[in-house]
Amino acid sequence: MSAPAPSTLAIVDAEPLPRQEEVLTDAALAFVAELHRQFTPRRNELLARRGERRAEIARTSTLDFLPETAAVRADDSWKVAPAPAALNDRRVEITGPTDRKMTINALNSGAKVWLADFEDASAPTWENVVLGQLNLTDAYERRIDFTDPKSGKSYALKSADELATVVMRPRGWHLEERHLQVDGVSVPGALVDFGLYFFHNAQRLIDLGKGPYFYLPKTESHLEARLWNDIFVFAQDYVGIPQGTVRATVLIETITAAYEMEEILYELRDHAAGLNAGRWDYLFSIVKNFRDGGAKFVLPDRNAVTMTAPFMRAYTELLVRTCHKRGAHAIGGMAAFIPSRRDAEVNKVAFEKVKADKDREANDGFDGSWVAHPDLVPIALASFDAVLGEKPNQKDRLREDVSVAPGDLIAIDSLDASPTYDGLRNAVAVGIRYIEAWLRGLGAVAIFNLMEDAATAEISRSQIWQWINADVVFENGEHATADLARKVAAEELAAIRAEIGEETFASGKWQQAHDLLLQVSLDQDYADFLTLPAYEQLR
């Protein structure tokens, strides 16, 4: 008896979109369905393992380098595959969602790389998921343009040799795509984003002299990197392109991954392009994992935790040393400032801070860094040009002077700062404003002159949660309590209503955002990711 035909992938509860048939072809959906069948069971096992690891950290309040992978770390003979030409010089990378205007502006920005984001800078509405794919394909085919309906300004691509190289970021492993299901089971968002992009564009990108390049978010272990590597091997065979064509840069934005950097590169060594040092997600991960660890793990206001904090220095210096030891690029963190069109003094102060940040990264040995706005590209370029000159990177700087002990990475109490009442108010204000925009389908949002994404909301609600559960006393004598958080949130909501007016307030999702922020900040049962309950409300 012949085996039953494999179940097909169904589009569920989704309004048809213009040109969606170009993305959701039968062949592309069959590929995504096969990815789901082959790899979702392992993904589910690895998500369960995250929970087990978290429970172990709760029991011990510590982390260490893995004894079972000591041989990988001790073996000096292995390196990652050499970088392809299109990814050899990454001195400035711009990040942003894949809407039509951003696609053109990012490609034209003068940055070497554009992180085309389906993850934290994109709320995963069906429209964003599908049309974002379409925008990238249109850009590769040079059939993309955009006219702003408000200003009438038109946007078009520069010549091919002036465009940034695209590195696409799919969603993290924890998120489902509810609109695509096999036998009633939702496909992981990561497999949807990766699968559609890879299937449609792998050969197209090779023809352009580039390739299918990816940023891998929220990775928590080398076993998760191994899963991605197996997916790459399968996908390259499936469409018939050479093994090693895919390249992946892994974001080290979880505290557990920081203890497995070499192992992560080892698992991906035929496909690895580098590691990146995030910030807000990294701090969120520390709070999440060490939330039972007592006062020594309590973080101060997020803006007080700069990259010069001792435990953050340990993390970034270890990342540079690890990458260069293994022949990989080390990519620095985000400059999130959004220039003001009205306040030259705000710009002057912010530009000086961005320059100092990028100068530090370049001098520490990073090969490139991130910015959130095209106006910051020249500043970051100047910092890296001053160190690199004509060289594409500084992977020859091995940073053998760096020595990081396991405890250095979690020495939160080495930071001389405490939570403040203003920090609580800022966390509430930014959290409400960001979540409201996210629920309307916007993932990258300018708030108080900073470009914020989902990691911002995560650190905001995590700090509120941590301060309340640690019974922090602020400098004004007030205790961090659920009642205080509710009071501040009510005041912020009233201030927003007064600021934007009744009509605009009523047409937004402000009360919903307020309620969701308080839910994930005050529930004793700490939600692993804010985006999980938020996705249930995203329509």
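In what follows, residues are counted from 1 in the order of the sequence shown. No hydrogens, no waters, no symmetry mates; every other heavy atom, side chains included, goes into these values.
In this model, a donor atom of one side chain and an acceptor atom of the other lie less than 3.5 Å apart for S369 and E361. Residues S340 and N449 have side chains that never bring a donor and an acceptor to within less than 3.5 angstrom of each other. No side-chain donor-acceptor contact under 3.5 Å links T103 and N135. The closest side-chain donor-acceptor pair between D515 and Q511 falls under 3.5 angstrom. No side-chain donor-acceptor contact under 3.5 Å links Y434 and E458. There is a side-chain donor-acceptor pair under 3.5 Å between D301 and T420.
Taking a 6.0 Å sphere around CD of E503, one finds it holds 12 or fewer heavy atoms contributed by other residues, nucleotides or ligands. Within 6.0 Å of atom NZ in K158, more than 12 heavy atoms from other residues, nucleotides or ligands are found, so the atom counts as buried in its surroundings. Atom CD of Q20 is surrounded by more than 12 heavy atoms from other residues, nucleotides or ligands within 6.0 Å. Heavy atoms from other residues, nucleotides or ligands lying under 6.0 Å from CG of N476 number more than 12. The environment of D148 atom CG is dense: over 12 non-hydrogen atoms of other residues, nucleotides or ligands sit within 6.0 angstrom. For E15, the CD atom sits in a loose shell: 12 or fewer heavy atoms of surrounding residues, nucleotides or ligands are nearer than 6.0 Å.
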I would like to know whether R50 and E224 meet salt bridge (Lys or Arg N to Asp or Glu O under 4.0 Å); could you show each step before the answer?
CA-CA 10 Å; R50 287 181 177 182; E224 295 180 18; 2.8 Å; yes
For a side-chain hydrogen bond (donor to acceptor under 3.5 Å, both in side chains) check, start with the C-alpha distance between T147 and S154, then their side-chain angles and the critical distance, and finish with the verdict.
CA-CA 4 Å; T147 300; S154 292; 3.1 Å; yes
Take R90 and T165 through the test side-chain hydrogen bond (donor to acceptor under 3.5 Å, both in side chains) and record every step on the way to the result.
CA-CA 9 Å; R90 304 176 62 173; T165 294; over 6 Å; no
Which is it for S159 and D161 under the side-chain hydrogen bond (donor to acceptor under 3.5 Å, both in side chains) test, yes or no, and what are the steps along the way?
CA-CA 6 Å; S159 62; D161 59 344; 2.6 Å; yes
Trace of the side-chain contact (heavy atoms from CB on, under 4.5 Å) decision for I464 with L424:
CA-CA 7 Å; I464 299 165; L424 173 68; 4.0 Å; yes
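Note that the CZ atom of R342 and the CG atom of N347 stand 11.0 Å from one another [nearest 0.5 Å]. The distance from atom CZ of F290 to atom CD1 of I410, rounded to the nearest 0.5 Å, is 4.0 Å. The distance from atom CZ of R302 to atom CG of L283, rounded to the nearest 0.5 Å, is 10.0 Å. Put simply, CH2 on W173 and CD on E176 are 11.0 Å apart, with the number rounded to the nearest 0.5 Å. Note that the CG atom of L115 and the CZ atom of R169 stand 5.0 Å from one another [nearest 0.5 Å]. Rounded to the nearest 0.5 angstrom, D120 CG and D281 CG are separated by 5.0 Å.
Without hydrogens or angle criteria, S507 side chain to T504 main chain gives a donor-acceptor distance under 3.5 Å. Remark: side-chain polar atoms of R279 are paired, donor with acceptor, to backbone N or O of V305 under 3.5 angstrom. For E177 (side chain) and H179 (main-chain N/O), a donor-acceptor pair under 3.5 Å exists by modelled atom type. Remark: side-chain polar atoms of E436 are not paired, donor with acceptor, to backbone N or O of A513 under 3.5 angstrom. In this structure, D471 contributes its side chain and H479 its backbone to no donor-acceptor pair below 3.5 Å. Formation of a donor-acceptor pair under 3.5 Å by the Q133 side chain with backbone atoms of Y197 is found in this model. Judged by distance alone, the side chain of E475 and the main-chain N or O of Y421 form a donor-acceptor pair under 3.5 Å. In this structure, W465 contributes its side chain and D523 its backbone to a donor-acceptor pair below 3.5 Å. Remark: the backbone N or O of L493 is not paired with any side-chain donor or acceptor of H514 at under 3.5 angstrom. Using a distance-only test at 3.5 Å, with no hydrogens or angles considered, no donor-acceptor pair links the side chain of W438 to the main chain of R433.
Aromatic ring pairs are classed by plane angle as parallel below 30°, tilted from 30° to 60° and perpendicular above 60°; the pair H174 and F529 is parallel. Relative ring orientation between F214 and F194 is described as tilted, the plane-to-plane angle lying within the 30° to 60° band. Aromatic ring pairs are classed by plane angle as parallel below 30°, tilted from 30° to 60° and perpendicular above 60°; the pair Y282 and Y315 is parallel.
Using a cutoff of 4.0 Å between basic side-chain nitrogens and carboxylate oxygens, R54 and D292 are scored as salt-bridged. By the 4.0 Å N-to-carboxylate-O rule, E352 lies too far from K355 to be salt-bridged with it. Remark: R360 engages D357 in a salt bridge, criterion side-chain N to carboxylate O under 4.0 Å.
In this structure, R171 forms no cation-pi arrangement with F118, as its terminal cationic atom is not both closer than 6.0 Å to the ring centre and no more than 45° off the ring axis.
Scored by the salt bridge (Lys or Arg N to Asp or Glu O under 4.0 Å) test, D375 finds R341 as partners (sequence neighbours excluded).
Outside the 6.0 Å centre-distance limit, the rings of Y213 and W114 are not counted as a close aromatic pair.
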